[in-house]
Colleague: 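Got a structure here, written out as structure tokens. Questions coming.
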Amino acid sequence: MELPIRYNSQEVEDKWYKFWEDKGFFHTEPDPKKKPFTIVIPPPNVTGILHMGHALNNTVQDIIIRFKRMQGYNALWIPGTDHAGIATQNVVEKSLAQEGLTRQDLGREKFLERVWEWKGKYGSTIIQQLKKLGASCDWNRTRFTLDDEYSEAVLETFIRLYEKGLIYRGNYIINWCPRCQTALSDEEAPYEEVEGNLYYISYPLKLTSNQQPVTRKTKESEATYIVVATTRPETMLGDTAVAVNPKDKRYKKFIGKTVILPLVNREIKIIADSIIDMDFGTGAVKVTPAHDPNDYLLGRKHKLEFINILNPDGTMNERAGKFRGLDRFECRKKVVEELEKIGLLEKVEPYRHSVGHCYRCHTIIEPYLSRQWFVRMKPLAKPAIKVVKKGKIKFFPPRWTKIYLNWMENIHDWCISRQIWWGHRLPVYYCKNCQGEKSEIENPKSEKGIMVSKIKPEKCRWCGSTDIYQDEDVLDTWFSSWLWPFATLGWPKHYNLATQKRNNELSYFYPTSVLVTAQEIIFFWVARMIMAGLEFMREIPFRHVYIHGTVRDITGKKMSKSLGNIIDPVEIIKNFGADALRFSLISITAVGQDIFLSDEKFKSGRNFGNKIWNAARFILMHSPQFKIPISQLRENDLSLADRWILSRLQKTIHSVTSALERYNLNESASILYQFFWHEFCDWYLELTKPILMKTEQLTGSHQKQKEITQAILFEILEVFLRLLHPFMPFITEEIWYKLKEKDTRLREESIMFSPWPVPEESLIDGVAEKKMNIIQEIVKGVRNICMEMDVPREKKLKLIFKSEEKGLNFLQQNRIYLEALLNIESLEFYTEIKKPRFSSSLVVEGIELYIPLEGIIDFGKERKRIAEEIKEVDDCLERIEDKLRNREFLQHAPPEIVEKEKKKRDELKQEKEKWIKHLQEIQDRD
RNA sequence: GGGCGUAUAGCUCAGUUGGUGAGAGCGCGUGCCUCACAUGCACGAGGUCUCUGGUUCAAGUCCAGAUACGCCCACCA
């Protein structure tokens with residue numbers, strides 16, 4: 001069989017993915033004989049395309065699920081997509097705009113048809129891309145948050161919370177995005193610092209009953225103004241009071257007085273409230289109850305009028321008088337201009353402050369008084385805090401625990417209604433006949449004319465009228481996502497809350513094992529899933545939460561389209577292969593740290609794949625049909641190198657497994673890399689070449705040795721492939737199948753079902769590792785000398801060893817390794833030695849080595865080299881001797897440490913003596 | 001205003017419960033197209049472990065403080 005010299009990822013990857021999928025290998029059913037291991041995918045937006053964040057997130061999940069599958073768990077990874085209300089609606093609206101249409105032009109029904117059409121067309125893009133990545137999701141179970149069954153679950157939870165009194169409707173200040181024209185939750189309106197201004201405005205006091213509005217500020221009237229400071233001057237149009245701190249001496253006399261609001265000429269009162277900070281601005285605050293959360297509270301407390309001055313699109317409404325129709329920022333300019341004209345603008349200071357932005361379109365949000373639906377969160381948060389405190393749910397890395405708890409303990413009510421069309425429509429119905437005009441309803445359950453129901457009630461519960469209509473709003477997308485871990489498994493259909501009886505799937509696969517996600521959605525999603533799980537399932541949704549970092553570009557900036565710094569994973573897969581993408585990404589993902597990416601970084605994964613490919617080629621080239629099962633080998637059959645590499649392999653199995661169990665994926669990746677490349681290939685393969693490549697007729701023992709070597713090469717490659725499979729699923733399957741052709745013991749239909757390796761304790765051999773280490777040191781030392789002394793590569797070396805009998809025996813037994821790795825003319829062994837001529841020298845573990853290099857060696861260089869060696873040994877020796885002179889150390893340190901130091905000292909002393917001897921010999925030469 | 005993270009080689013990061021000549025990959029330099037692999041092989045250079053103090057026989061590792069960068073949360077207009 002001939003393998004190409006370069007590994008071709010493209011062909012291989014598509015071939016195997018199709019094979020796995022056609023065979024249904026990712027699908028699984030409950031099986032009482034096996035332990036379940038479940039992961040639910042963080043559902044990507046249905047309109048999404050794969051970016052590096054997804055690539056990382058899903059690679060992590062795939063590694064874990066493949067690892068667990070091989071360990072024998074019934075591993076299920078549930079995939080799906082999220083309808084992503086606002087985001088998707090925006091995308092479709094954008095495409096409509098190109099036709100010159102708005103969603104209002106189409107109307108609700110027609111618009112939704114368009115979105116579904118869009119979903120049908122592009123909704124599977126990201127699924128296809130996940131497949132390219134190698135994701136072993138059970139695609140038969142793919143869920144969409146707007147599936148009928150899933151939607152049923154969403155409405156069910158709404159109704160249950162409503163029945164429990166945990167859902168209410170009210171008129172409150174919410175975050176309003178004027179572009180998306182919907183309310184947002186607090187989490188959806190992240191605050192960002194912006195450069196703004198602080199405007200100081202004079203409000204004239206009303207002194208006489210028929211006072212005329214100020215049209216020009218004059219010096220004489222200065223004492224009759226109160227100056228307020230604001231970052232949003234346009235909101236003054238909605239002011240209904242000015243507030244000062246009652247303790248503020250400057251303003252005591254103004255309390256209870258009236259001011260005439262400039263530009264609008266409305267009379268408003270000056271009120272006192274202790275929440276006003278006397279030190280900020282002027283200490284006097286304009287109060288706009290309909291457009292600021294604090295002012296809202298003041299408004300409620302002091303029974304002020306609430307004047308909404310904004311239209312939903314962010315333009316000024318009729319309450320803004322002559323500013324009506326202007327955009328809010330346009331209006332700000334105009335208001336400032338006019339105030340300046342009449343002399344009421346005191347000053348303007350540059351001011352950096354935090355402003356909420358829409359997380360979907362980045363427009364500056366407006367605090368906006370409107371009627372919305374809310375979930376009371378405190379009762380839901382309580383048990384969710386408890387389970388994390390008790391350690392039933394663990395965060396990796398653990399520092400997120402604190403962040404989670406801090407948020408949960410300060411949780412606010414959740415605004416869940418959105419004024420968009422794409423989503424789950426609120427299951428709320430109103431009777432036209434009964435419904436009053438009440439804007440605030442703390443308990444909608446008892447409110448006449450409001451009905452909550454999955455389907456439209458035929459007639460009004462109160463008056464029997466059939467004139468019933470449904471609420472226009474839809475629910476926050478996260479109000480459906482928070483049910484993901486159980487709604488994807490068939491809840492509520494097969495779950496009885498009273499008896500807590502579940503269907504098979506739910507009881508088998510829930511709770512899930514680990515949730516893998518990015519830090520950005522801990523509050524949006526993770527926290528809420530915990531609350532939902534406890535509320536609706538009475539059980540945690542997952543045991544572990546693995547939080548990975550954010551993917552950034554090489555300079556540390558977030559990747560975004562607008563910055564043009566995107567690295568497209570699909571492109572990387574095309575150029576380097578999914579295996580390379582996965583391995584590279586995981587290698588550089590330090591636990592919980594952000595990832596800094598550049599195209600360059602994917603080379604390492606590709607090169608590693610190629611290295612594995614070529615090693616496999618080599619082994620297959622020199623391996624006939626498999627003959628000897630490794631378990632049948634006796635200890636005497638094994639050479640030093642065999643025992644060494646087998647020992648190293650056991651340790652590798654152990655440490656890779658342990659790192660995976662701790663979710664230290666990069667650690668396990670680097671262990672595999674190090675073992676395969678720098679131990680197996682660099683040393684073991686090279687050491688075995690002379691045995692393997694002997695072509696002449698072999699005697700019995702030589703023939704047997706060759707077969708043993710072949711067996712071990714085969715075995716190690718096979719075990720390594722299994723260890724690597726979760727990381728690089730494609731190339732491992734490809735090579736594993738080639739091994740399978742030669743070895744009938746490999747029975748599984750895919751490497752993904754072959755057992756996860758377990759270390760064989762009896763093969764761990766510290767002595768062999770130590771001995772091999774000496775060989776390695778000698779080889780490296782000789783190579784080093786040859787390089788430094790410019791010894792030509794073709795020069796055959798004579799090596800002269802001096803050591804005790806034991807050391808010489810060891811060397812003689814293992815001379816084959818030196819011959820394999822160095823260009824040797826002869827090896828000589830002495831217990832005593834006369835001065836060797838023209839030699840360079842080396843000391844390894846008490847073994848002295850001389851390399852006669854007549855005509856080549858530069859004694860000046862050699863002296864320098866030895867002097868450096870001596871200095872290094874000396875430095876170390878000095879430190880140790882200092883320590884051993886230290887009484888405190890001798891008294892307090894554990895005896896074994898002291899012993900170790902003493903031993904070390906003696907060794908170093910010996911080594912030093914030998915070097916000095918070498919140096920003298922060289923000096924004698926001159 | 002609170003809270004968190006990070007600081008080790010030019011870059012990206014490892015460094016277990018403190019145990020003592022400081023590790024990897026990439027990059028760099030030198031020599032090699034050596035019969036699996038130039039996506040490779042060999043060798044090498046490169047570090048006051050951010051600073052200050054403390055605990056300890058012993059600190060990159062533990063504690064306190066400082067500095068720098070980054071992040072999150074919070075209703076100061």
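So that the names make sense, note that chain A is the first sequence line, chain B the second, and so on, each numbered from 1. Since we're looking at a predicted model, the values are computed, not measured.
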Colleague: Among B:rG21, B:rG19, B:rC73, which nucleotide sits nearest the side chain of A:Asn406?
Modeller: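 In terms of side-chain proximity for A:Asn406, the closest of B:rG21, B:rG19, B:rC73 is B:rC73.
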Colleague: Once you round it to whole Å, what is the distance between C1' of B:rG1 and CG of A:Asp279?
Modeller: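 These atoms are roughly 14 Å apart.
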Colleague: Which is true for A:Leu908 with a 4.0 Å heavy-atom rule: it touches a base, it touches only sugar-phosphate, or it touches nothing?
Modeller: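 Result for A:Leu908 = base.
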Colleague: Using a 4.0 Å heavy-atom cut-off, write out nucleotides 4-15 of chain B from 5' to 3' as B (base contacted by protein), S (sugar-phosphate only) or - (no contact).
Modeller: SSS-----SSS-
Colleague: Report which part of the nucleic acid A:Asn886 touches: base, sugar-phosphate, or nothing (heavy-atom distance under 4.0 Å, all strands).
Modeller: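 The answer is sugar-phosphate, as A:Asn886 gets under 4.0 Å only of primed atoms, P, OP1 or OP2.
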Colleague: Mind pulling the stems RNA chain B is in, i.e. runs of at least three Watson-Crick or G-U pairs, everything under 3.5 Å?
Modeller: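 Stem list for RNA chain B: B:1-7 with B:67-73, B:10-13 with B:23-26, B:28-32 with B:40-44, B:50-54 with B:62-66.
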Colleague: Would you please name every residue forming a side-chain contact (heavy atoms from CB on, under 4.5 Å) with A:Ile521, sequence neighbours left out?
Modeller: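 Counting only residues at least two positions away or on another chain, A:Ile521 forms a side-chain contact (heavy atoms from CB on, under 4.5 Å) with A:Trp478, A:Thr517, A:Phe524, A:Trp525.
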Colleague: Rounding to a whole Å, what distance do you find between A:Ile691:CD1 and B:rC35:C1'?
Modeller: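 Spelled out: CD1 on A:Ile691 to C1' on B:rC35 is 17 Å.
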Colleague: Determine the interplanar angle of the A:Phe727 and A:Phe583 rings, folded into 0 to 90°, and report it as parallel if under 30°, tilted if 30 to 60°, perpendicular if over 60°.
Modeller: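 A:Phe727 and A:Phe583: perpendicular rings.
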Colleague: Salt-bridge test for A:Lys651 and A:Glu679: reply yes if a basic N is under 4.0 Å from a carboxylate O, no otherwise.
Modeller: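 The answer is no: the pair does not qualify as a salt bridge.
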Colleague: What is the distance, rounded to the nearest whole Å, between atom NZ of A:Lys904 and atom P of B:rA58?
Modeller: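 Result: 21 Å.
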Colleague: Rounding to a whole Å, what distance do you find between A:Lys796:NZ and B:rU34:C1'?
Modeller: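 Computing the A:Lys796:NZ to B:rU34:C1' distance gives 13 Å.
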Colleague: Where along nucleotides 36-50 of chain B does protein come under 4.0 Å, by heavy atom, of base (B) or sugar-phosphate alone (S), with - for untouched nucleotides?
Modeller: BB-BSSBBS------
Colleague: In terms of side-chain geometry, is the basic nitrogen of A:Arg865 or A:Glu862 positioned less than 4.0 Å from the acidic oxygen of its partner?
Modeller: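 Judged by the 4.0 Å cut-off on N to carboxylate O distance, A:Arg865 and A:Glu862 do form a salt bridge.
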Colleague: Salt bridge or not for A:Glu734 and A:Lys738, using N-O below 4.0 Å?
Modeller: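 Judged by the 4.0 Å cut-off on N to carboxylate O distance, A:Glu734 and A:Lys738 do form a salt bridge.
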Colleague: So if I apply the ring pair (Phe, Tyr, Trp, His ring centres under 6.0 Å) rule between A:Phe395 and each of A:Trp400, A:Tyr663, A:Tyr404, A:Tyr546, which one comes out positive?
Modeller: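 Single pass found, and it is A:Tyr404.
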Colleague: Compare the minimum distances between each of B:rC32, B:rC76, B:rG21 and the side chain of A:Phe280, then state the nucleotide with the smallest one.
Modeller: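 Of the candidates, B:rC76 comes closest.
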Colleague: Are the charged groups of A:Glu193 and A:Arg352 less than 4.0 angstrom apart, N to O?
Modeller: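 Result for this pair is yes, salt bridge flagged.
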Colleague: Across the strands shown, which category fits A:Tyr351 at heavy-atom distances under 4.0 angstrom: base, sugar-phosphate, nothing?
Modeller: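 Answer is sugar-phosphate: A:Tyr351 comes under 4.0 Å of backbone atoms only.
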Colleague: Scan A:Pro367 against the nucleic acid and name what it touches under 4.0 Å (heavy atoms): base, sugar-phosphate only, or nothing.
Modeller: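 It contacts nothing in the nucleic acid.
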Colleague: NA contact type, A:Phe523, heavy-atom cut-off 4.0 Å: base, sugar-phosphate, or nothing?
Modeller: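 If one applies the 4.0 Å heavy-atom cut-off, A:Phe523 turns out to touch the sugar-phosphate alone, with no base involved.
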Colleague: Return all side-chain donor-acceptor pairs below 3.5 angstrom for residues 869-879 of chain A, not counting sequence neighbours, or 'none' if the list is empty.
Modeller:
from: A:Lys871; atom 1: NZ; to: A:Asp875; atom 2: OD2; distance (Å): 3.1
from: A:Asp874; atom 1: OD1; to: A:Lys912; atom 2: NZ; distance (Å): 2.8

Colleague: Quick check on ring pair (Phe, Tyr, Trp, His ring centres under 6.0 Å): which of A:Phe676, A:Trp677, A:Phe675 does A:Tyr673 satisfy it with?
Modeller: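 Between A:Tyr673 and the candidates, ring pair (Phe, Tyr, Trp, His ring centres under 6.0 Å) is satisfied uniquely by A:Trp677.
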Colleague: So, using side-chain contact (heavy atoms from CB on, under 4.5 Å) as the criterion, who are the partners of A:Val228 when residues are at least two apart?
Modeller: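 Testing A:Val228 for side-chain contact (heavy atoms from CB on, under 4.5 Å), a comparison that skips the adjacent residues, returns A:Ile201, A:Tyr203, A:Val242, A:Ala284, A:Lys286.
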